[in-house]
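Below: one structure, written as structure tokens.
Bear in mind the structure is a predicted one, so any value in this text is a computation, not a measurement. Side chains included, hydrogens not; waters and symmetry mates left out as well; all remaining heavy atoms used.
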Amino acid sequence: MKLKYIFAVGVMALLASCDESRFLDIKPQGTLNDDLLSSADGVELLVTSAYAGLKGPNRDMHWVPMTNWTYGEVRSDNAYKGGGGVNDGDFCTLLETFKIDATWGNADEKWFQLYCCLQRCNSALRVMNTLDENALPMIKSRKAEMKVIRAHFFFELVRLFKQVPYFDENVENDDYKYIPNNQFTREELLGKIAQEFLDAANDLPDTQSQVGRVTKNIAYAYAAKARLYQAYRQDDNNQVVAIDKQLLAEVVTLCDKVGAQGKAYTLLNDFQKLDQLEYENGVESVFAVQYSMDDETDGAGNINWSNLLNAPKGPYGGDGFFLPSQNLINAYKTDNYGLPLFDTFNADDYGIYEGSELTNIDATVDPRLDFVTGRPGITWKTYTVEPCKANWIRNSGEYGFNCTKRFYISPESEDMFQGWPWGASHLNWQIIRYADVLLWKAEALIEIGEATGLEEARKIINRIRLRAKNSPYVKDFKHSEQDAANYLIGEYPAEGWSQDFARKALRWERRMEFAMEGDRFFDLVRWGIAAETMNSYISVEQNKRVYYRGARFVRGRDEYLPIPNAQYNFSEGNYVQNPGYGKFN
């Protein structure tokens with residue numbers, strides 16, 4: 001069974017509360033007493049609460065999403081904010097157009113919530129440090145689980161803010177304000193995070209009886225991710241200055257360990273299955289947030305509140321935020337061999353909606369286009385009532401006519417919640433899937449640059465592409481025997497597979513495979529190409545989306561969010577600001 005995120009009222013009061021200083025001070029209060037908290041039963045409540053932090057500390061997650069749809073996608077070339085217009089959630093428009101500063105309240109809220117969540121892990125660890133195996137036979141595993149989840153939240157903080165205060169459960173609450181955020185460099189922080197994953201792996205089982213609990217595979221996979229980020233060394237102005245091949249070699253080793261620890265991973269044989277409930281904990285899922293409905297909590301239950309705003313209109317009746325960019329749609333075009341158009345993909349727009357139909361659709365396209373995006377007139381999942389329609393978009397004048405197709409079950413499903421929150425179900429959110437692990441390994445091999453590694457990377461990338469090629473294609477709504485587009489995707493040949501070309505192919509593949517999953521912006525920053533990619537994107541988009549006019553990505557500033565003013569005040573001046581944002585106010 002799933003590890004359900006169900007709370008006793010007292011635990012919710014205890015662990016969701018944060019003090020007025022905007023930094024977590026978890027102090028036992030409410031109905032739980034010290035005797036219960038110090039018992040094995042109390043520890044399990046604390047551990048369950050820490051797991052629940054993976055979905056966020058409360059239900060108000062739509063503008064500070066744990067899925068990173070704002071921070072990782074709207075902030076990139078993949079997505080528009082969407083919704084009713086630029087003034088609907090205007091503070092998110094500021095993020096999309098790189099016009100935020102240290103007073104931007106969303107940065108403070110994100111910082112605050114992530115520290116709230118990791119402190120749940122510390123609360124559980126503090127109690128477990130007073131117990132032994134006689135009191136809690138699973139104590140080694142439970143401690144390791146908490147360390148992995150804590151490291152996950154620290155990883156999120158580092159890739160969002162770069163400079164953050166780092167501590168464990170042994171630091172007293174009153175001492176938090178004295179911990180500087182520049183005590184460790186980005187690379188040192190990522191090293192500590194990776195080591196926490198590795199240390200935890202030693203005490204984790206290969207499998208767990210409850211689906212959703214952390215295992216050895218998860219620890220190894222996340223360690224690989226942290227080491228991969230650490231390998232790209234950045235200077236004080238956020239620019240990549242070196243790539244550590246020794247760390248990349250470790251990434252390869254760690255990726256190989258995933259799947260050798262009690263569970264055999266592979267790719268699902270159909271890309272569409274990534275959004276189907278029966279496969280959510282299947283062979284491709286490495287680490288996922290376990291959502292639930294009908295779980296004895298209020299309303300829809302513990303569903304994905306981070307995506308509350310994002311369901312389209314039409315059969316979902318949603319608010320229509322988080323829309324795919326035209327640039328992303330154009331990126332799915334392919335050449336006569338089914339390979340990407342690296343340099344010319346954005347020369348013209350694929351799928352222009354004019355009158356009542358799509359035009360300019362003769363080009364061949366990667367079939368993942370119609371699994372990831374919803375285009376007018378194209379079949380929507382397994383819905384037979386109507387195709388995706390232009391009026392599913394709330395403000396097509398500002399954002400175009402395309403919507404996001406991922407992350408929702410088909411609207412006729414009995415597992416979809418009826419009413420608000422629109423489009424809700426208990427579909428998991430994948431933090432790490434096996435396609436990630438494969439492409440992390442391929443990336444490391446490419447950057448190491450040895451001939452045998454380059455060839456292995458080519459085979460890995462082609463494996464990902466073959467899954468897309470062999471998935472049943474989306475069919476035309478009116479003529480179910482016809483494909484909805486001129487789909488063509490091919491494998492990369494060995495000829496011409498140089499390190500430079502392989503690097504370009506890998507980066508393109510990550511975009512096509514993981515579009516809208518929350519990682520795109522962080523990939524651009526890791527690779528050191530965020531400024532050139534985003535300014536090139538903006539230069540074209542400003543002629544299509546007027547709100548981009550005047551926008552500019554500032555190299556050396558916009559790679560990270562500013563350290564919030566409220567956190568600087570909390571630290572009594574101990575924090576330093578990220579470059580480019582000026583002095584604290």
Side-chain angles (χ1 to χ4, degrees), residues 1-8 11-12 15-16 47-70 72-73 113-114 116-117 120 145 148-149 152-153 156 208-215 218 268 272-312 316 318-319 321-322 381 404-411 413-433 436 516-519:
M1 61 177 292
K2 277 188 180 184
L3 176 64
K4 299 292 187 181
Y5 296 149
I6 304 173
F7 298 87
V11 176
M12 292 181 70
L15 291 165
V47 167
T48 299
S49 181
Y51 271 100
L54 292 171
K55 67 179 180 58
N58 53 55
R59 290 185 173 184
D60 297 327
M61 300 305 304
H62 44 284
W63 287 125
V64 281
M66 304 301 277
T67 60
N68 284 326
W69 69 265
T70 56
E73 298 292 343
Q113 292 200 353
L114 286 172
C116 282
C117 292
R120 293 186 181 191
E145 291 168 42
V148 167
I149 295 175
H152 160 71
F153 291 123
E156 288 291 277
Q208 296 265 25
S209 59
Q210 286 180 303
V211 174
R213 283 201 183 275
V214 173
T215 64
I218 292 171
L268 291 167
Q272 183 61 53
K273 289 180 179 179
L274 292 170
D275 293 328
Q276 294 178 355
L277 287 166
E278 57 264 45
Y279 303 103
E280 62 180 0
N281 286 309
V283 293
E284 191 163 345
S285 177
V286 177
F287 187 24
V289 184
Q290 304 288 320
Y291 292 109
S292 60
M293 284 175 30
D294 301 324
D295 53 14
E296 301 179 12
T297 55
D298 293 336
N302 286 295
I303 51 90
N304 186 348
W305 292 96
S306 288
N307 282 10
L308 170 69
L309 299 174
N310 300 348
Y316 296 102
D319 293 300
F321 286 83
F322 191 32
K381 298 184 181 289
T404 301
K405 203 172 188 179
R406 289 292 319 278
F407 322 124
Y408 301 98
I409 61 174
S410 200
S413 172
E414 295 180 355
D415 289 303
M416 192 179 85
F417 188 76
Q418 299 302 311
W420 185 89
W422 322 120
S425 73
H426 54 90
L427 182 68
N428 288 352
W429 180 267
Q430 301 297 328
I431 297 175
I432 298 174
R433 55 187 177 93
D436 275 304
M516 314 303 274
E517 293 190 28
D519 273 347

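- At least one side-chain heavy atom of N281 sits under 4.5 Å from a side-chain heavy atom of Q290.
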Verdict with reasoning, N307 to T67, per side chain to side chain contact (heavy atoms under 4.5 Å, CB included): CA-CA 8 Å; N307 282 10; T67 60; 3.1 Å; yes

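- Note: W69 and W63 have tilted aromatic rings, judged against thresholds of 30 and 60 degrees for the angle between ring planes.
- In this structure the side chain of F153 reaches within 4.5 angstrom of the side chain of M66, judged on heavy atoms.
- When atom types are taken as modelled, the side chain of D275 and the backbone of I409 share no donor-acceptor pair closer than 3.5 angstrom.
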Side chain to side chain contact (heavy atoms under 4.5 Å, CB included), that's the test. Do H62 and F321 meet it? Break it down for me. CA-CA 10 Å; H62 44 284; F321 286 83; over 6 Å; no

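- Between the side chain of Q208 and the main chain of T215, no donor-acceptor pair closer than 3.5 Å is present.
- Residues passing the ring-ring contact (aromatic ring centres under 6.0 Å, His included) test with F287: none are found, sequence neighbours excluded.
- In plain terms, the two heavy atoms of I149 and L54 that are nearest each other are CG2-CD2, 4.0 Å.
- Q430 is not listed as a side-chain neighbour of L274, based on a closest heavy-atom distance of 4.5 Å or more.
- Looking only at distances, no side-chain donor or acceptor of K381 sits under 3.5 Å from a matching main-chain atom of Q272.
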Please lay out, stage by stage, how D415 and E278 fare under the test side chain to side chain contact (heavy atoms under 4.5 Å, CB included). CA-CA 11 Å; D415 289 303; E278 57 264 45; over 6 Å; no

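- Scanning all heavy atoms of the two residues, the minimum distance from M293 to A300 falls at CG-O, 3.2 Å.
- Checking W429, W422, F322, Y316 one by one against Y408, the ring-ring contact (aromatic ring centres under 6.0 Å, His included) holds for a single residue, Y316.
- Residues V47 and R213 have side chains in contact (heavy-atom distance under 4.5 Å, counting atoms from C-beta outward).
- In terms of modelled atom types and a separation under 3.5 Å, the side chain of R120 and the main chain of A52 share no donor-acceptor contact.
- Residues N304 and L427 fail the side-chain proximity criterion, which asks for heavy atoms closer than 4.5 Å.
- For the pair E280 and N428, the tightest heavy-atom approach, listed with the atom from each and the gap, is OE1-N, 2.9 Å.
- Using a 4.5 Å cut-off on side-chain heavy atoms (C-beta onward), V214 and Y51 make contact.
- Note that CD1 of I431 is 11.0 Å distant from CG of D436, once rounded to the nearest 0.5 Å.
- The two residues N302 and K55 make their nearest non-hydrogen contact at OD1-CE, 3.0 Å.
- Ion pairing between a basic and an acidic side chain is recognised when a charged N comes within 4.0 Å of a carboxylate O; E517 and R433 show such pairing.
- Environment of CD in E414: sparse, with no more than 12 heavy atoms of neighbouring residues, nucleotides or ligands closer than 6.0 Å.
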